[in-house]
Amino acid sequence: MPKLTINGTEVEVPPGFTILQACNQAGIEVPHFCFHQRLAIAGNCRMCLVEQEKAPKPVASCAMPVADGMVVHTNSPLAQKARKGVMEFLLINHPLDCPICDQGGECDLQDEAMAYGKDRGRYQEAKRAVREKDFGPLVKATMTRCIHCTRCIRFASDVAGVPDLGGTGRGENMEVGTYVEKALTSELSGNMIDLCPVGALTSKPYAFEARAWELRKTESVDVLDALGTNIRLDVRGQAVMRILPRVNEDVNEEWLSDKGRFAVDGLLKRRLDRPYIRRNGKLVEASWPEALTAVADRFGKLSGDKIAAIAGDLCDVESMLALKELMVSLGSANLDCRQDGAKTPAAPRAGYLFNSTIAGIDKADVVLLIGSNPRQEAPVLNARLRKRYLKGGFRAAQIGPAFDATFPITVLGAGPDVLQALADGAHPWFETLKGAQNPMIILGSGAVARADGLAILELARRLADAAGVVRDDWNGFNVLQRAASRVGGLDIGFVPGAGGRDLEGILDGSSTGAIEAVYLLGADEFDTSRLGSAFVVYQGHHGDKGAARADVVLPGAAYTEKNGTYVNTEGRVQLGRLAVYPPGEAKEDWRVLRALSEQLGRALAYDSLPQLRQHMLSQFPLFAQVDHVVPAPWLPFAAAGTVSAAGFSYPIDTYYMTDPISRASPTMAECVVSFAPNPQSKTGTHG
């Protein structure tokens with residue numbers, strides 16, 4: 001490992017490190033704009049100039065590899081003079097509009113101009129201006145402020161895999177844009193806002209809404225997909241103003257999907273803020289005692305086999321556990337948290353987890369997607385697959401309709417017949433999978449959320465065993481969940497008990513009258529018309545499909561308004577935290593269920609969230625392993641069955657509207673309109 005001296009201190013770094021990386025490792029700050037640890041090196045801004053002994057001039061530390069014996073000075077008079085000169089050039093054309101720039105207070109250029117720039121400028125000529133560009137409903141472009149660091153271009157091309165942005169012109173006439181004016185089409189475009197070191201790219205929905213120093217910050221997790229992206233909620237008063245990603249190398253690195261970032265305005269729209277009871281065909285306002293009494297009167301008179309409960313995609317584990325125990329106390333085994341109809345079993349755990357872990361994608365060399373479109377189901381995970389492809393030595397194939405995955409994929413076919421051939425070892429790609437060092441299989445909702453989902457799961461398991469996808473030091477069998485509540489619900493057994501009905505059975509029973517009362521805990525993603533004449537209670541936070549069908553509406557709390565436990569698709573237990581209080585008379589979900597249990601004369605055995613969590617840990621010790629992935633043993637989890645010949649299809653029609661929050665978001669509605677004219681391209685190579 002090379003050793004170099006930085007500011008009189010000897011430092012040893014790994015081979016291939018640049019001077020800038022060596023300085024960061026030594027805790028020495030070197031200003032920079034264009035360099036970013038997750039992007040290719042560009043060497044554009046020259047702000048990171050340092051003095052290297054025996055070099056004829058200052059060197060760009062971001063692009064200069066270290067060498068043994070190198071002597072570097074980061075704060076010498078020569079380095080300081082070079083930085084001041086670069087800063088003066090950067091500010092020549094930069095507009096003096098800091099007071100009205102949304103980046104104010106969080107601007108790298110502002111901070112570094114103060115720390116490393118000169119106290120006056122010498123430029124007297126007119127400043128350059130750039131025509132305003134329209135990048136769509138999410139990213140606001142004020143390119144007059146652009147300093148040509150090209151971070152946005154490199155992110156779009158390398159990380160997102162959607163090369164919408166580029167530079168045209170040279171020198172002072174260079175402009176960053178989309179060549180032909182169009183909206184940015186990546187599901188990760190909001191990350192360019194975080195990367196931009198100046199105010200050239202800012203959040204269009206957040207424009208002129210708040211300043212950074214006005215906001216309270218709360219760490220939480222995103223629940224609009226099952227990845228468990230670590231986020232920060234920025235709050236002013238009782239409103240969540242914006243959502244930003246937090247760094248978690250094992251989950252999302254530092255990226256966040258556009259839906260998780262920009263659907264924040266949906267938290268304020270179409271909210272349920274008081275109880276309602278249906279009278280004469282219309283929902284009318286009611287008090288909490290009236291609403292709870294109405295539910296208790298109906299549920300208390302029915303036998304357990306006539307009662308059912310369905311949990312939605314955004315539920316926390318605590319509320320699902322409370323609902324499960326309430327239903328069990330009423331004698332009901334009709335429970336399901338798989339409102340998309342998925343056939344993933346509740347045991348063993350390996351049958352419904354992303355067993356390789358998200359970070360494990362970096363080790364894989366072959367991946368087979370079965371009925372999965374990760375670009376829409378989990379855009380940040382898709383970016384990680386692309387990152388692995390860019391490293392080289394990576395092959396991907398899919399079974400299902402072709403889609404633009406942002407990296408090359410061989411399309412093997414559209415239906416289960418191809419999976420059957422692979423499991424039998426009769427398909428040429430079987431040898432590719434078997435010969436891989438760390439092969440991966442990823443099943444999506446398009447594979448398991450169908451009538452023959454259990455048989456598909458068994459075929460995939462057979463393939464995994466035959467191709468050596470699972471071994472002692474590697475488990476490449478993965479189920480990519482879409483719902484943030486799904487793994488947690490399966491972990492606590494929110495599935496039919498002995499003789500109980502699953503989602504399809506509950507809906508059939510409701511249609512025939514065998515099920516007379518259904519409790520929906522934030523469940524909206526199924527055909528509510530199949531509930532027939534059943535008495536429906538909807539507990540949730542938005543006036544969506546479930547509330548429209550309900551006979552009693554109990555207002556609950558959104559994920560930003562409660563402390564809750566969530567388990568992501570890889571089985572990582574994470575904590576969501578309360579940032580604001582629920583609106584109006586809405587309550588935390590577990591509290592509503594606790595009050596209802598008392599009204600029914602079957603009081604649950606906890607009166608506070610700490611007591612509930614202690615109760616949960618006593619039954620499921622796994623939830624004590626916060627932010628850890630506990631490997632699941634590879635045990636039998638499915639049985640052979642009849643497989644339909646129908647091809648796989650992807651469950652997401654519109655990425656920007658998949659849940660009550662995003663459907664209530666005006667920004668997501670704008671996205672649907674903006675991107676509707678652009679049909680998804682169908683790329684891939686057929687094999």
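In this chain, numbering begins with 1 at the start of the sequence shown.
Defined by atom type and a distance below 3.5 Å, a donor-acceptor pair is present between the side-chain atoms of Y352 and D491. Under the 3.5 Å distance criterion, with hydrogens and angles disregarded, no donor-acceptor pair is assigned to the side chains of Q238 and Y581. In this model, a donor atom of one side chain and an acceptor atom of the other lie less than 3.5 Å apart for N478 and S356. Using modelled atom types and a 3.5 Å distance limit, the side chains of Q574 and N230 yield a donor-acceptor pair.
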Verdict with reasoning, V251 to E570, per side-chain contact (heavy atoms from CB on, under 4.5 Å): CA-CA 9 Å; V251 180; E570 62 181 346; 3.8 Å; yes
Criterion side-chain contact (heavy atoms from CB on, under 4.5 Å) on L490 and V567, from CA distance to verdict: CA-CA 10 Å; L490 294 171; V567 188; over 6 Å; no
Residues Y538, T528; criterion side-chain contact (heavy atoms from CB on, under 4.5 Å); working and verdict: CA-CA 11 Å; Y538 179 81; T528 56; over 6 Å; no
Criterion side-chain contact (heavy atoms from CB on, under 4.5 Å) on D313 and D659, from CA distance to verdict: CA-CA 8 Å; D313 291 349; D659 55 83; over 6 Å; no
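For the pair K562 and E588, the salt-bridge criterion is not met [side-chain N within less than 4.0 Å of a carboxylate O]. Between R482 and E525, no side-chain nitrogen of the basic residue sits less than 4.0 Å from a carboxylate oxygen of the acidic one, so the salt-bridge criterion is not met. A salt bridge does not link E187 to K259: none of the charged nitrogens lies less than 4.0 Å from a carboxylate oxygen. Using a 4.0 Å cut-off between a side-chain N of Lys or Arg and a carboxylate O of Asp or Glu, E598 and R594 qualify as a salt bridge. In summary, E504 and K343 do not engage in a salt bridge, as defined by a charged side-chain N under 4.0 Å from a carboxylate O. Look at R530 and D508 and you find a salt bridge, because one of the NZ, NE, NH1 or NH2 atoms lies within 4.0 Å of a carboxylate O, short of that distance. Taking 4.0 Å as the cut-off between side-chain N and carboxylate O, D234 and R216 do not count as a salt-bridged pair.
Between the OH atom in Y566 and the CG atom in L575 there is a gap of 10.5 Å [rounded to 0.5 Å]. For the atom pair CG (L244) and CZ (R232), the distance works out to 5.0 Å, reported to the nearest 0.5 Å. Residue D222 holds its CG atom at 9.0 Å from CG of N252, rounded to the nearest 0.5 Å. To the nearest 0.5 Å, atom CZ of residue R486 and atom SG of residue C315 are 10.5 Å apart. Here CG of L612 is found 6.0 Å from CG of L321. Values are rounded to the nearest 0.5 Å. Of the inter-residue distances, the one linking N355 atom CG with F477 atom CZ reads 7.5 Å to the nearest 0.5 angstrom.
Proximity of E585 to S287: side-chain heavy atoms (C-beta onward) are nowhere separated by under 4.5 Å. Looking only at side-chain heavy atoms (C-beta outward), T658 and L224 stay at 4.5 Å or farther from each other. A heavy-atom distance below 4.5 Å is found between the side chains of L480 and P374. Contact check for F299 versus I307: side-chain heavy atoms found under the 4.5 Å cut-off. Proximity of K269 to P666: side-chain heavy atoms (C-beta onward) are separated by under 4.5 Å at one or more points. Contact annotation: the side chain of F262 never approaches that of S662 to less than 4.5 Å [non-hydrogen atoms, C-beta and beyond]. Between Y519 and V552 there is no side-chain heavy-atom pair separated by less than 4.5 Å. Side chains of T560 and S220 form no contact here, defined as non-hydrogen atoms less than 4.5 Å apart.
Under the 3.5 Å distance criterion, the side-chain polar atoms of R270 are left unmatched by any main-chain donor or acceptor of D544. The backbone N or O of S665 sits nowhere less than 3.5 Å from a side-chain atom of D265 that would complete a donor-acceptor pair. Not a single donor-acceptor pair under 3.5 Å links the side chain of D273 to the backbone N or O of A586. Side-chain N or O atoms of Q539 include one that pairs as donor or acceptor with a backbone N or O of D589 at under 3.5 Å. Looking only at distances, a side-chain donor or acceptor of Y650 sits under 3.5 Å from a matching main-chain atom of P401. Although no hydrogens or angles enter the test, the distance criterion places a donor-acceptor pair under 3.5 Å between the side chain of D452 and the main chain of S644. Listed for the S372 side chain is no donor-acceptor partner under 3.5 Å among the backbone atoms of G446. The closest donor-acceptor contact from the side chain of H542 to the backbone of G522 lies at 3.5 Å or more, if one exists at all. For the pair R338 (side chain) and T344 (backbone), a donor-acceptor distance under 3.5 Å is present. Side-chain N or O atoms of S485 include one that pairs as donor or acceptor with a backbone N or O of G312 at under 3.5 Å.
Contact record, I358 with N568: CD1-ND2, 3.9 Å, taken as the closest heavy-atom pair. Heavy-atom minimum distance, L622 versus V573: O-CG2, 4.0 Å. In plain terms, the two heavy atoms of S597 and L604 that are nearest each other are OG-N, 3.1 Å. Minimum interatomic distance between L227 and V380 (heavy atoms only, all atoms of both residues): CD2-CB, 3.4 Å. Taking every heavy atom of both residues into account, D258 and G190 meet most closely at OD1-N, 2.8 Å. In terms of heavy atoms, W634 sits closest to N475 at CE3-ND2, 3.8 Å.
No cation-pi contact links R261 to W255, judged by a cut-off of 6.0 Å to the six-membered ring centre and 45° from its axis.
In the displayed structure, E290 atom CD is contacted under 6.0 Å by more than 12 heavy atoms of other residues, nucleotides or ligands.
Between Y606 and H615, the ring-plane angle classifies as tilted under the 30° and 60° cut-offs.
With E516 as the partner, the salt bridge (charged side-chain N to carboxylate O under 4.0 Å, His left out) test is satisfied by one option alone out of K306, R298, K301: K306. No option in R271, R577, K587 other than R271 meets the salt bridge (charged side-chain N to carboxylate O under 4.0 Å, His left out) test with E561. When each of L520, I310, L521 is paired with Q339, the side-chain contact (heavy atoms from CB on, under 4.5 Å) condition holds for I310 and for no other.
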